[in-house]
Amino acid sequence: DASKFHPMSVTNSMGRYILFVGTLEPRKNLVGLLDAWNGIQEQYNDISLVIAGTTGPVFRKSSYPPATGRVHWLGYVPEAELPALYAGAELFILPSYDEGFGLTALEAMACGTPVIVSDGGALPEVVGDAAIRFSLSDPMGLSRAMGECLASPRLRSSLREKGLARANLFSWQTSAELIWKNLNEI
């Protein structure tokens, strides 16, 4: 929804951060994200990792390996607050083993945030060439992608532009037109 998810200027108290938004369950690969962050965080002293998502009775935050330094667990974030959270992030990361669609990656793109995703499930198809993709079969792939993106303002700028264009392809208007066209062909 472009009326909610769009680029905006944000003043936040968290400083610079990398963002994950999603349910806190094993298929989201938070272990991989925390390992990747632990591997590069010393090079980026002014950046934190922010994890926003709900916990349930089965998958609790405590079931993940301890993260060292500058990791903030926000818990549930109301939908009205998500656009500003996305827009304020340096990067958005969705490292899932399997993802049926990847709406949070599109929401981040719509807010102008550079995106990194795994090659799990539908993510490559959804983000196209508008995000950095890493292979789940390469244990260091996420760390490299994070470091490459954080080190290059030019790359982040390119990903912002491509992401905004890609997110526009998934607008409600575009979806409605495609559905209408398909219904009329039946």
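- Nearest heavy atoms, Tyr17 versus Leu85: OH-O, 2.5 Å.
- Under a hydrophobic-cluster definition in which Ile, Leu, Val, Met, Phe, Trp and Tyr are linked whenever side-chain heavy atoms come within less than 4.5 Å, directly or via other members, Val127 and Leu155 are assigned to the same cluster.
- Distance alone, capped at 3.5 Å, is enough to place a donor-acceptor pair between the Arg166 side chain and the Val126 backbone.
- At least one donor-acceptor pair under 3.5 Å links the side chain of Tyr44 to the backbone N or O of Gly147.
- Taking every heavy atom of both residues into account, Leu123 and Gly102 meet most closely at CD2-CA, 3.8 Å.
- Qualifying side chain to side chain donor-acceptor pair (under 3.5 Å) partners for Asp46, counting only residues two or more places apart in sequence or in other chains: Arg16.
- A side-chain contact (heavy atoms from CB on, under 4.5 Å) with Ser48 holds for exactly one of Gln41, Arg70, Glu90; it is Arg70.
- For the pair Asp119 (side chain) and Leu136 (backbone), a donor-acceptor distance under 3.5 Å is present.
- Note on Glu79 versus Lys4: salt bridge recorded, some NZ/NE/NH1/NH2 to OD/OE distance being below 4.0 Å.
- Here the closest heavy-atom approach between residue Pro83 and residue Ala80 is recorded as CD-O, 3.7 Å.
- Listed for the Ser118 side chain is a donor-acceptor partner under 3.5 Å among the backbone atoms of Ser96.
- Between Arg156 and Leu150, the shortest heavy-atom distance links the atoms NH1-O, 2.8 Å.
- Looking only at distances, a side-chain donor or acceptor of Thr113 sits under 3.5 Å from a matching main-chain atom of Tyr86.
- The minimum heavy-atom distance linking Gly112 with Pro7 is given by the pair N-CG, 4.3 Å.
- Within 6.0 Å of the CE atom in Met14, the count of heavy atoms belonging to other residues, nucleotides or ligands exceeds 12.
- Linking Ile, Leu, Val, Met, Phe, Trp and Tyr whenever their side-chain heavy atoms come within less than 4.5 Å leaves Leu169 and Leu164 in two separate clusters.
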